[in-house]
Novice: 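This structure is in structure tokens; I'll ask about it shortly.
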Protein chains: 2
Amino acid sequence: MPAKRSPARRPTMKDIAQRAGVSESAVSFALNDRPGVSEITRDRVRRVAEQLGWRPSTAARQLSGEGTATVGLVLARPADTLGVDSFFLQLISGIQEVLAERHLGLLFQVVEDVDDECAVYRRWWAEHRVDGVLVVDPRTDDARPDLLDELGLPAVVIGGAPDARHPGLSTVWADDAGAMASVVGRLYELGHRRIVHIAGLPGLAHTERRIRTLRAEAERRGLAEVCSVTTDYSDAEGAAVTRRVLEGGVLGGGSPPTALVYDNDVMAVAGVAAATELGFSVPGDVSVVAWEDSALCRMVKPWLSALSRDTVAFGRTAAVELTSLLDGGPARAVGVPVPGLIERDSTGPCGPCGA
Amino acid sequence: MPAKRSPARRPTMKDIAQRAGVSESAVSFALNDRPGVSEITRDRVRRVAEQLGWRPSTAARQLSGEGTATVGLVLARPADTLGVDSFFLQLISGIQEVLAERHLGLLFQVVEDVDDECAVYRRWWAEHRVDGVLVVDPRTDDARPDLLDELGLPAVVIGGAPDARHPGLSTVWADDAGAMASVVGRLYELGHRRIVHIAGLPGLAHTERRIRTLRAEAERRGLAEVCSVTTDYSDAEGAAVTRRVLEGGVLGGGSPPTALVYDNDVMAVAGVAAATELGFSVPGDVSVVAWEDSALCRMVKPWLSALSRDTVAFGRTAAVELTSLLDGGPARAVGVPVPGLIERDSTGPCGPCGA
DNA sequence: GCTGTGCACTAAAGCGCTTGAGTCAGGTCA
DNA sequence: TGACCTGACTCAAGCGCTTTAGTGCACAGC
């Protein structure tokens, strides 16, 4: 027989009942603030429970109809796209702040694509693993809301637009459209007329929203030479697209734009490097704005102007919505503050441009 | 009554039993590959289960003595330190690859410090939430191994040194000492005699190991002007320390070093920026090595020479060890390949230095 | 014919908790 | 005095599984 050190035993309600001299039910009532026991007994039970270091077994609790006290989050991005992006860890740490308070666990999974993600939801649901989920990276044509509806799994969509077709889902959304409009406005003010938007993954709801807004704003202002190019968010594509754009291969007329808006910080940094290599000075020849602020933006020269928002708070808000949903609250759509443009050194007036 | 769409019902073993015309026990035997049913019955049961989309309820399963099919990972780092570091997401995605295969869930939590981390372990244990845990950022004076021993929670320590005092814990470790020795060796070869190591958090086991090794190597080679400075891994401290070091405030004699070794990529990048600002050219005046390779290292000029390892594989290895532990395998200490130095443009021969 | 053996399968207990249906003492009211 | 509450508890069932101890049957050996 292996001399395995016998681990401590977990106390159960039965232990408490015995010690306190009452029935298990009484213990249950006492510990769950249900009527049916006197205050005196309740106190005694609570004390014993504390003293024994008792915590309810989530499994047992769940089996008798309560929830699992766990929410799920799945990230559908290939491992390498995940790398440098600081967004998710920040988001998650915001989420955790709220969940930890309520002793809710976070079940986390990384998968390759949305189909796998759906499979995970099904499995979690069938295995009774989670009470609800947080959905990130909503898409324009997204199978997930329908699925979650079908499964009856409470969910909040992070970064989606409010969606009338799924009244059961909460949404926490940032006003990308507003932010994009303000960026374009500011660039216009600085004299820029030729703008390229190096966007993120096509199909992502916020990517499409930004692209639409850019187009709308351009039309409104009568700018013909404005466009978006989608990428995979990687530094490699950021650099490649930047080269293509600056060599005149994208905008009409064969000449380069005077302002570039990148959908994340990683691409912006890579883009600036690429631009510099091609002999473009930033912001002399071309202005650069990064969507998403982070330490990265202050690690390169020139420091990048960036759209900054409080990602941790974003996560917190999402978690709060989910807990409220779990408490039986109504599904809602709540907005978070519009990202603000922090102007550092990578943006400037359009000099001898527009020629 | 609210017109709530009734969600799909989860099928249970009872449903399968009925449909297949056998008892629940038979179903259990069939589905768990236990003897006691004929192959014919087993097949029939399996087919029915599949057709019904049945998955075992983790709660029920656990309540009857099986595990929870969940492992835990807690990250004890303040939210802001978490930011730019690509290490953890990579590690986690490696871990996931292995866990997903076995349908193990990953319970994830971010906390402030190790005390909180211990509290989480206790809670998880008491609530029966996890079958085992992955421990990261081992420290020189670490309370966690003792605690996990006491709780009898299977665990693998990621990045620790093999630890004879805790025979129950597995360890997955990288040979930092070897890597540091090789870096010092290479720098020595290039003519560098004055080296400063901008280390990570003090108290972290691998930080201390690297510092010790650096000192040992310096002594062995008779280098007097070599030292380590600890930081919090942030770009801010990386830059600040770099300035202090280059202004001669750290090494004896008041003159700057000719080579800098940074414990992560973020600090290395920030450091190069700081050095450039002070008028030092890289690698002309000072060579720079980053410990941990990532896209970041190729986003700045000059491209950074870096110690590279396969972090995703690191995570995979750790997860494999944990699953083997859960299967009743023995605790082991397994090494992963020593990080290799990729020489890019930030390292070069020590020119007119050593004067 | 009887016991023995092996096999395929069923019955039922039990895991730790919640909960609806009792039970029982003490008080109220007619 | 007896019917009737009410508050404080206890009982026991049940959640969905696993598992131990059967049960019933076919076949073998004496």
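Owing to the predicted nature of the structure, the values given are computational and were not obtained by experimental measurement.
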Novice: Nearest-nucleotide wise, let me know which of A/S28 and B/G36 is further upstream toward the 5' end of DNA chain C.
Specialist: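 Looking at DNA chain C, the more 5' nearest nucleotide goes with B/G36.
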Novice: Between B/R34 and D/dT19, does any side-chain N or O lie under 4.0 Å from OP1 or OP2?
Specialist: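 The answer is yes; a side-chain N or O of B/R34 sits under 4.0 Å from OP1 or OP2.
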Novice: Could you tell me how far apart A/I40 (CD1) and D/dC9 (C1') are, to the nearest whole angstrom?
Specialist: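 The answer, rounded to whole Å, is 14 Å.
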Novice: When you check the gap from the basic side-chain N to the acidic O, do B/D116 and B/R123 get nearer than 4.0 Å?
Specialist: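 Not counted as a salt bridge, because no side-chain N and carboxylate O are separated by less than 4.0 Å.
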Novice: Are any of B/T41's side-chain N or O atoms less than 4.0 Å away from OP1 or OP2 of C/dA8?
Specialist: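 So the side-chain polar atoms of B/T41 never come under 4.0 Å of the phosphate oxygens OP1 or OP2 of C/dA8.
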Novice: Answer yes or no: is there a donor N or O on one side and an acceptor on the other, between the side chain of B/R55 and the main chain of A/W124, under 3.5 Å?
Specialist: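 Here the side-chain-to-backbone pair does not exist.
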Novice: Is the phosphate of C/dG14, meaning OP1 or OP2, less than 4.0 Å from a side-chain N or O of B/S64?
Specialist: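 So the side chain of B/S64 is outside the cut-off, no N or O lying under 4.0 Å from OP1 or OP2 of C/dG14.
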Novice: Measure CE/A/M13 against C1'/D/dC9 and give the value in whole Å, please.
Specialist: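 About 14 Å, once rounded to whole Å.
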Novice: Go nucleotide by nucleotide along DNA chain C from the 5' end; which of B/R44 and B/Q62 gets its closest nucleotide reached first?
Specialist: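 Nearest-nucleotide comparison on DNA chain C picks B/R44.
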Novice: Is any side-chain nitrogen or oxygen of B/R61 closer than 4.0 Å to OP1 or OP2 of D/dT18?
Specialist: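 For B/R61, the contact criterion (side-chain N or O under 4.0 Å from OP1 or OP2 of D/dT18) is met.
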Novice: Using atom NE2 of B/H128 as one end and atom P of D/dC17 as the other, report the distance to the nearest whole Å.
Specialist: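 Nearest whole value for this atom pair: 19 Å.
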Novice: Determine whether a donor-acceptor pair (one donor, one acceptor, N or O, separation below 3.5 Å) exists between the side chain of A/S23 and the base of D/dC11.
Specialist: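 Result: no qualifying N/O pair found.
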Novice: With a 4.0 Å cut-off, would you call A/E39 and A/R42 a salt bridge?
Specialist: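 Salt bridge: yes.
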Novice: Name the nucleic acid region contacted by A/E24, choosing base, sugar-phosphate or nothing; use a 4.0 angstrom heavy-atom cut-off, strictly under.
Specialist: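 The residue A/E24 makes base contact.
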Novice: Flag the pair A/R165 and A/D163 as a salt bridge only when some basic side-chain nitrogen lies within less than 4.0 angstrom of an acidic carboxylate oxygen.
Specialist: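 Yes.
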Novice: Can you check the B/E66 CD to C/dG14 P distance for me, whole Å?
Specialist: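 To the nearest whole Å, that distance equals 18 Å.
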Novice: Starting from the 5' end of DNA chain D, give me the residue, B/A59 or B/F29, whose nearest nucleotide shows up first.
Specialist: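 It is B/A59 whose nearest nucleotide is closer to the 5' end.
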Novice: Which whole-number value in Å describes the distance from B/N32 CG to D/dG16 C1'?
Specialist: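 It is 13 Å, rounded to the nearest whole Å.
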Novice: Rounded to the nearest angstrom, tell me the gap between atom CG in B/L63 and atom P in C/dG14.
Specialist: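 After rounding, the reported distance stands at 14 Å.
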Novice: Give the rounded distance in Å between these two atoms: NZ of B/K14 and P of C/dT10.
Specialist: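 For the pair B/K14 NZ and C/dT10 P, the rounded distance is 15 Å.
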Novice: Ignoring hydrogens and geometry beyond distance, is a side-chain donor-acceptor pair present between B/T70 and A/R129 at under 3.5 Å?
Specialist: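 Yes, a side-chain donor-acceptor pair sits under 3.5 Å.
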Novice: Nearest-Å distance, CZ (A/R9) to P (C/dC15)?
Specialist: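 Interatomic distance, CZ of A/R9 to P of C/dC15: 10 Å.
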Novice: When you measure only distances, ignoring hydrogens and angles, does the side chain of B/S25 come within 3.5 Å of the base of C/dT10 through a donor and an acceptor?
Specialist: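 Donor-acceptor pair under 3.5 Å: no.
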Novice: May I ask you to decide whether A/E24 forms a salt bridge with A/K14, counting only side-chain N to carboxylate O separations under 4.0 Å?
Specialist: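 Here A/E24 does not pair with A/K14 in a salt bridge, since their nearest N and O are not under 4.0 Å apart.
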Novice: Is the phosphate of C/dC9, meaning OP1 or OP2, less than 4.0 Å from a side-chain N or O of B/S38?
Specialist: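 The answer is yes; a side-chain N or O of B/S38 sits under 4.0 Å from OP1 or OP2.
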Novice: Just to be sure I understand the rule, does B/T12 reach a base, reach only the sugar-phosphate, or reach nothing, if contact means heavy atoms closer than 4.0 Å?
Specialist: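 Since only primed, P, OP1 and OP2 atoms lie under 4.0 Å of B/T12, the category is sugar-phosphate.
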Novice: Considering only C/dT18, D/dT19, C/dC17, which nucleotide approaches the side chain of A/S57 most closely?
Specialist: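 When the side chain of A/S57 is considered, C/dC17 is the closest of C/dT18, D/dT19, C/dC17.
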